[in-house]
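Read the numbers this way: they start at 1 and go in the same order the structure lists the ligands and their atoms.
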Amino acid sequence: MPTTQATHAVQLHTRPRPPQALPEGGWTVQAVQDLLDRPLLDLVHEAQTVHRAHWPDASIELATLLSVKTGGCPENCGYCPQAAEFDTGVKAQKMLEVDEVLRNAQAARDAGATRFCMGAAWRAPKDRDIEKMAELIAAVKGLGLETCATLGMLEAHQARALKEAGLDYYNHNLDTAPEYYQDVVSTRQYQDRLETLENVRAAGVKVCCGGIVGMGEAPVHRAGLIAQLANLGPYPDSVPINSLVRVPGTPLADSEPIDPFDFVRVIAVARITMPKARVRLSAGRQQLGEAVQALCFMAGANSIFYGDKLLVTGNPDAQADVQLLARLGLRGYQATTSVDDTLPATA
Ligand code: SAM
Ligand code: DTB
Ligand code: SF4
């Protein structure tokens, strides 16, 4: 018997729901999971609605990364090519000199970046490391760039010293849900991360905090990560969402890659639950492809890592990114001026 069209009809549209407000008592993991489980296009539509309400200029922030102290890290984060204990081919190096950092920062600014993030493969910096970082931060700030650093665990007095040097943002990721954390790293506790975030906030430095997906986590762990971030009081100023870069030699190198549509869902839910945060489409863009990146922008991502390298792994070519944004009719964000011609001349 021929089947009717109705029996095979796929439900494409569900009833629109009003954009989510912060539920009383914060976001439960279940509420975040319910969002993640929504039909993809409904979810992206809702995220785009929230995004437009909070980010009317629709700009994309261009943030450039530089590893100022590479490799030899004593921690055992299962995703990280810079952990000394994993055989990844990354050699421990000395900290970069001010001149070299300035050259990189100048080049990033000339290419259109507005934020410059310096990373160091430390568990926690020593006070003498903070002194050197203060020099780097002041020099980069002097170029008119927004400054960001990611140096591991910070004590309160160290966060204050970085603030005094001109640090705008400190990146310290929660990475995943508390329940999955010990499967990924065993040399520190989730609570250690939360304490550093408190020290950063108390020093008046803006918080950049996100996580990684595609590490073999269950969907509930993705919901748990987003709920943790959204419930930080207040939620982070910027939220990097990384898709695992699978580096041979790391314990997570053979993780099942995340379905790209599930990655888009995570971006959308970050946007809905943290409407005013800069949501950064971070590591892993090389594997995503341009069409999925476009969906991520639709879902509310409004920042990217910009430049040919992340810390030690690759990133899309800067010129290709400029062209992608231009093809999508998106523009880079000029933090220091209000003019609207914000991409490099080639865009
Ligand atoms: N050592 C400091 C720390 O861990 O806080 C700062 C540098 S660390 C490389 C900064 C962040 O990069 C990590 O928290 C993690 O979220 C991200 N990351 C590291 N390796 C990654 C990978 N292979 N793929 C995606 N993200 C990664
Ligand atoms: C973040 O969330 N992602 C960046 C930055 N913060 C420091 C790091 C990504 C690292 C990707 C692998 C690598 O190149 O080391
Ligand atoms: Fe070290 Fe940071 Fe890499 Fe962990 S993520 S091993 S703390 S550099």
I would like to know whether K132 and D129 meet salt bridge (Lys or Arg N to Asp or Glu O under 4.0 Å); could you show each step before the answer? CA-CA 5 Å; K132 288 192 198 156; D129 299 323; 5.2 Å; no
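For N242, every heavy-atom contact with ligand 1 shorter than 4.0 Å involves the side chain, none the backbone. Heavy atoms of R188 found under 4.0 angstrom from ligand 3 belong exclusively to the side chain.
Counting atoms of ligand 3 from 1 in the listed order, those under 4.0 Å from a heavy atom of A121 are 8 (S).
Geometric assessment of R280 against the ring of F305 yields a positive cation-pi assignment under the 6.0 Å and 45° thresholds.
Under the 4.0 Å distance rule, the nearest protein heavy atom to atom 14 (O) of ligand 1 falls inside the cut-off.
The hydrophobic cluster analysis finds M153 isolated: no Ile, Leu, Val, Met, Phe, Trp or Tyr side chain comes under 4.5 Å of it, directly or through other members.
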Starting from the N and O atoms of ligand 2, collect every protein N/O partner closer than 3.5 Å and put each pair on its own line with the distance to 0.1 Å.
residue, atom, partner, partner atom, Å
ligand 2, 2 (O), N173, ND2, 2.8
ligand 2, 2 (O), N242, ND2, 2.8
ligand 2, 3 (N), N242, OD1, 3.0
ligand 2, 6 (N), N171, OD1, 3.1
ligand 2, 14 (O), L311, N, 3.1
ligand 2, 14 (O), V312, N, 2.9
ligand 2, 14 (O), T313, N, 2.8
ligand 2, 14 (O), T313, OG1, 2.8

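Among the atoms of V245, some N or O lies under 3.5 angstrom from an N or O of ligand 1. At under 3.5 Å, not a single nitrogen or oxygen of S243, backbone or side chain, sits near a nitrogen or oxygen of ligand 1.
Scanning all protein heavy atoms for the shortest distance to atom 1 (Fe) of ligand 3 gives C73 SG, 2.3 Å. In this structure, atom 16 (O) of ligand 1 lies nearest to the protein heavy atom D175 OD1, 2.7 Å. Remark: minimum distance from atom 9 (C) of ligand 1 to any protein heavy atom is reached at L311 CD1, 3.4 Å. At the shortest separation from atom 4 (Fe) of ligand 3 among protein heavy atoms lies C77 SG, 2.2 Å.
At a cut-off of 2.8 Å, C80 coordinates atom 3 (Fe) of ligand 3 through an N, O or S atom.
Heavy-atom distances between R193 and ligand 1 reach below 4.0 Å in at least one pair. Close to ligand 1: A120, with a non-hydrogen atom less than 4.0 angstrom away.
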